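A short write-up of the structure that comes next.
The figures here come from the full heavy-atom set of this structure, side chains too, leaving out hydrogens, waters and symmetry mates. Sequential numbering from 1 along the given sequence is applied to the chain's residues. One-based numbering, in listed order, for ligands and for the atoms of each. Remember, predicted model here, so these are calculated numbers, not experimental data.
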Amino acid sequence: MSDSEEQPTLFEINEGHLDTGLRGIPVGTCRTSFVSPTKGVHYVGYPISDLAEMSPEDIIFLLFEKRLPNRQESQDFSKDLAARAEEMPAGALRILESMTPGGGHPMDWLSVGIQALGMAETTGDVRADSLNLIARMPELMASIFLLRGGHGLPKSGSDPERGLVENFVHLLGIEGVEAENMIRVLRTFLVLHMDHGGGNLSTFSGKCVASGRASLFAAMSSAMNALSGPLHGRANQSCLEFVQRIGTSDPEKIEAFVRSELAAKRPIYGFGHAVLRAEDPRAAAQIALGGEICPDDENYKIVKALREVAPKVLAENPKISNPFANVDVASGALLHAVGFHKPEYFTTFFGWARVVGISAQIIDERNARGGRGVPIYRPKYIGVNQPVQRLE
Ligand code: AMX
């Protein structure tokens, strides 16, 4: 079966489709990527495994322009992003500074930070705003990490010409071999997480808000709030915490652990998916990268054993549509191995990546219908148990 044959076909909606979270119901078109249930996500037709080693900047170009750049275009695009990063609106960083020491989850900070960038400077042109936001994400991310850690705003001056990930690591003040591994893992992480079709919760939420012609920043901030949920983006945080709770790479002990979690009605993090019906190729790509970077890391060894054991146990329950590993199974172990030891920050990397795909999809929706754009979202809810009443 070809990938296109696996695309959903239009069908009649019946009562069984209600209250299922719009599961599988076609609502629009997506030009950036599609998810084959068996082969995973494809960006503009390219299987994700073919793109995993490419530069984040080239993949941003791909998602925006719907083709890969040639060498000159690649250089020009990176220069354009670097130029856009020069002018970081200081007002936005001051808003974040005023939140310290402050609590909340790092995803709350990311959402506020994106909203603050929009308050400081919105052009109203979704393409320009998208590229400005993408260009400024490294400094925003580094500022969130450092401010929350009590270190103030980044001390190393921003150097956007290094590249997006390279500048982020530089802004954190990390250099040398430690920086090299971090950069390698983060570049792959960003590429793998940039887009995943049109209907995932955060992308859908961002496009939904943008359809009311809210600013790109307001839409993106909403998307980040959607991503922060534990069944969606925050699963990568939960995943490492889950792996750390297992604490052993002995397959028999892992199997007993998985069974006891299921008996306690707790999710087996890193497994299952709403659309995929096979192991996510993004899981395989990260496990392969871990084999190069941190083969002896304890968490990584647990992930490798869990990947073998958990699907067998999950497959015993016919309700579970996909017992195989998803994208989150190994990302936390890799991030931890290269020096990011606090799992609550992991979802912000997911958010950083997803800003790209969501922006590209919002631009596509604004350009739809001959430039009139997709109309404001308005699905239908059917009123039930509400007999007409009159006040006496
Ligand atoms: N562990 C335990 N139970 C699971 C499971 C898992 N890994 N995967 C599915 N199930 C359960 C569901 O909770 C559901 O139970 P219910 O009927 O009592 O509500 C039933 O099996 C059928 O679910 P499904 O149709 O196979 O999947 P779904 O679309 O409802 O849920 C997902 C998908 C990802 C939320 C689910 O597989 C899950 O909770 N996985 C663990 C959390 C996780 O790793 N999330 C990351 C997903 C990727 C991402 O968005 N970042």
Side-chain angles (χ1 to χ4, degrees), residues 8 16-17 19-25 33 35 37-38 40-41 48 107 110 189-190 192-206 223-246 254-255 257-287 302-303 306-335 343-355 357-358:
H17 292 109
D19 298 328
T20 59
L22 288 170
R23 199 59 52 93
I25 297 176
S33 65
V35 183
T38 52
V41 68
I48 191 66
M107 282 302 284
L110 183 57
F189 183 99
L190 286 193
L192 296 180
H193 286 78
M194 278 183 189
D195 207 41
H196 206 249
N200 65 81
L201 181 65
S202 48
T203 305
F204 185 76
S205 306
M224 292 303 116
N225 290 331
L227 189 66
S228 72
L231 291 187
H232 190 19
R234 206 186 287 193
N236 68 1
Q237 161 180 344
S238 310
C239 235
L240 181 64
E241 290 165 349
F242 182 77
V243 163
Q244 289 174 329
R245 276 179 57 223
I246 297 177
I254 292 180
E255 180 172 336
F257 183 90
V258 168
R259 289 189 187 284
S260 68
E261 288 296 290
L262 288 173
K265 306 262 175 266
R266 285 193 286 265
I268 306 305
Y269 284 98
F271 295 85
H273 201 271
V275 177
L276 290 170
R277 295 296 174 257
E279 183 178 88
D280 191 329
R282 300 173 301 170
Q286 291 179 94
I287 290 171
I302 296 170
V303 167
L306 189 61
R307 179 201 201 186
E308 301 304 321
V309 172
K312 289 180 201 146
V313 180
L314 290 170
E316 291 169 10
N317 180 351
K319 250 181 28 176
I320 298 180
S321 324
N322 175 23
F324 300 107
N326 64 42
V327 64
D328 293 320
V329 75
S331 59
L334 263 62
L335 290 169
E344 71 263 29
Y345 284 88
F346 294 173
T347 312
T348 62
F349 290 125
F350 193 166
W352 177 6
R354 207 39 80 80
V355 158
I358 297 173

Starting from [atom], find the nearest protein heavy-atom neighbour and note its residue, name and distance.
| atom | result |
| --- | --- |
| atom 18 (O) of ligand 1 | K319 NZ, 3.2 Å |
| atom 24 (P) of ligand 1 | S321 OG, 3.5 Å |
| atom 36 (C) of ligand 1 | F271 O, 4.5 Å |
| atom 29 (O) of ligand 1 | R23 NH1, 2.8 Å |
| atom 39 (O) of ligand 1 | L231 CD2, 4.0 Å |
| atom 8 (N) of ligand 1 | I320 CG2, 3.9 Å |

Any idea which atoms of ligand 1 are less than 4.0 Å away from a heavy-atom of [X]?
| X | result |
| --- | --- |
| H232 | 49 (C), 50 (O), 51 (N) |
| F350 | 51 (N) |
| A235 | 43 (C), 45 (N), 46 (C) |

Check: At a 4.0 Å cut-off, with the gap strictly under it, does some heavy atom of N317 reach an atom of ligand 1?
Finding: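 No, N317 has no heavy atom closer than 4.0 Å to ligand 1.
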Margin query: I'd like to know if R259 and E316 make a salt bridge, using a cut-off of under 4.0 Å between side-chain N and carboxylate O.
Written below: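 Looking at E316 together with R259, the answer is yes, because their closest N to O distance falls below 4.0 Å.
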Item checked: Side chain, backbone, both or neither: the part of N200 lying under 4.0 Å from ligand 1 by heavy atom ->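 Neither part.
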Check: Can you name the residues that form a side-chain hydrogen bond (donor to acceptor under 3.5 Å, both in side chains) with R245, not counting sequence neighbours?
Finding: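 For R245 the side-chain hydrogen bond (donor to acceptor under 3.5 Å, both in side chains) partners, ignoring immediate neighbours, are E261.
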Note to self: If you compare all heavy atoms of G40 against all heavy atoms of L276, which two are closest, and at what distance to 0.1 Å?
What the structure shows: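 In terms of heavy atoms, the two residues are closest at CA-CD2, 3.6 Å.
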Next item on the list: State which residues pass ring pair (Phe, Tyr, Trp, His ring centres under 6.0 Å) with H196; sequence neighbours excluded, sorted by chain then number.
Entry: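 With neighbours one apart ignored, the set is H273.
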Next item on the list: Check each of L314, V329, N326, L227 against atom 43 (C) of ligand 1 and report the one with the nearest heavy atom.
Entry: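 Selected option, by shortest heavy-atom distance: N326.
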